[in-house]
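Quick notes on the structure that follows.
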Amino acid sequence: MNHWLMKSEPDAFSIDDLRRRKQEPWDGVRNYQARNYMRAMRAGDKVFFYHSNCAEPGIAGIAEVAVEAYPDPSQFDPGSKYFDPASSRDAPRWSLVEVRFVRKLRRTIALKELQADPALAAMPLVRKGNRLSVMPVDAAEWAHVLSLE
DNA sequence: GCCAACGTTGGC
DNA sequence: GCCAACGTTGGC
């Protein structure tokens, strides 16, 4: 089983939103690397839910992959901000997974704290300029983050 | 709101 | 295939 991290802007969709909705299609990913990681996800994989672009960026909770990758319907919808005229139903360009709420962390583990921790220095998340919204987390990093909780 | 970093697009 | 222009991400 693999572990992952997915970013969301809490103003748009927070860990509390996921708790309320229980399960959610992770639509709107329009980056090939992030898409490829989603396609590699398997049902039951655990995911850190990261809050980005907000007052206190950090890891706020845990989700799990509920439904493996399938075509993101928003790419076909001209009314959606995620519409992609270059994609077609015959050859969909973008995928999504559905994630299910597992739990909130007892506290949000701040980006600042993650950046300062030598055990996490290899995480793409803490590297300057990284903009990936979906990324793998190795098992040791996963366990270490949870030990900080 | 600023801006550095980065991915994508498109002219050539 | 190069690379400048542009748009987006996301910390601060």
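In summary, the side chains of A:Ser74 and A:Asp77 do not present any donor paired with an acceptor at a separation below 3.5 Å, with no hydrogens or angles considered. Judged purely by distance below 3.5 Å, without hydrogens or angles, the side chains of A:Ser87 and A:Gln75 pair a donor atom with an acceptor atom. For A:Arg35 and A:Ser95, the side-chain atoms include no donor-acceptor pair closer than 3.5 Å.
The residue A:Leu125 sits apart from the nucleic acid: no heavy atom pair falls under 4.0 Å.
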Could you go step by step and tell me if A:Asp45 and A:Arg42 meet the salt bridge (charged side-chain N to carboxylate O under 4.0 Å, His left out) rule? CA-CA 6 Å; A:Asp45 283 359; A:Arg42 292 298 165 255; over 6 Å; no
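Shown for residues 45-60 of chain A: residues whose heavy atoms fall under 4.0 angstrom of DNA chain C, namely A:Tyr50, A:Ser52, A:Asn53, A:Pro57.
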Restricting both atoms to N or O, compile the protein contacts to nucleotides 9-12 of chain B shorter than 3.5 Å, with distance only.
none

Pairwise N/O distances under 3.5 Å, protein to nucleotides 5-8 of chain C:
from	atom 1	to	atom 2	distance (Å)
C:dT8	O2	A:Arg131	NH1	3.4
C:dT8	O2	A:Arg131	NH2	3.0

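The stretch residues 48-92 of chain A participates, sequence neighbours left out, in these ring-ring contact (aromatic ring centres under 6.0 Å, His included) pairs: A:Trp26-A:Phe49, A:Phe48-A:Trp142, A:Phe49-A:His51.
Interatomic distance, A:Arg93 CZ to A:Asp84 CG, rounded to the nearest 0.5 Å: 4.5 Å. Atom CD of A:Gln23 and atom CG of A:Leu18 lie 9.0 Å apart (nearest 0.5 Å). How far CD1 of A:Ile59 is from CD of A:Glu113: 10.0 Å, rounded to the nearest 0.5 Å.
Partners of A:Asp117 by side chain to side chain contact (heavy atoms under 4.5 Å, CB included), not counting sequence neighbours, listed by chain and number: A:Ala119, A:Leu120, A:His144, A:Leu148. Residues satisfying the side chain to side chain contact (heavy atoms under 4.5 Å, CB included) criterion with A:Arg127, sequence neighbours excluded, are A:Pro124.
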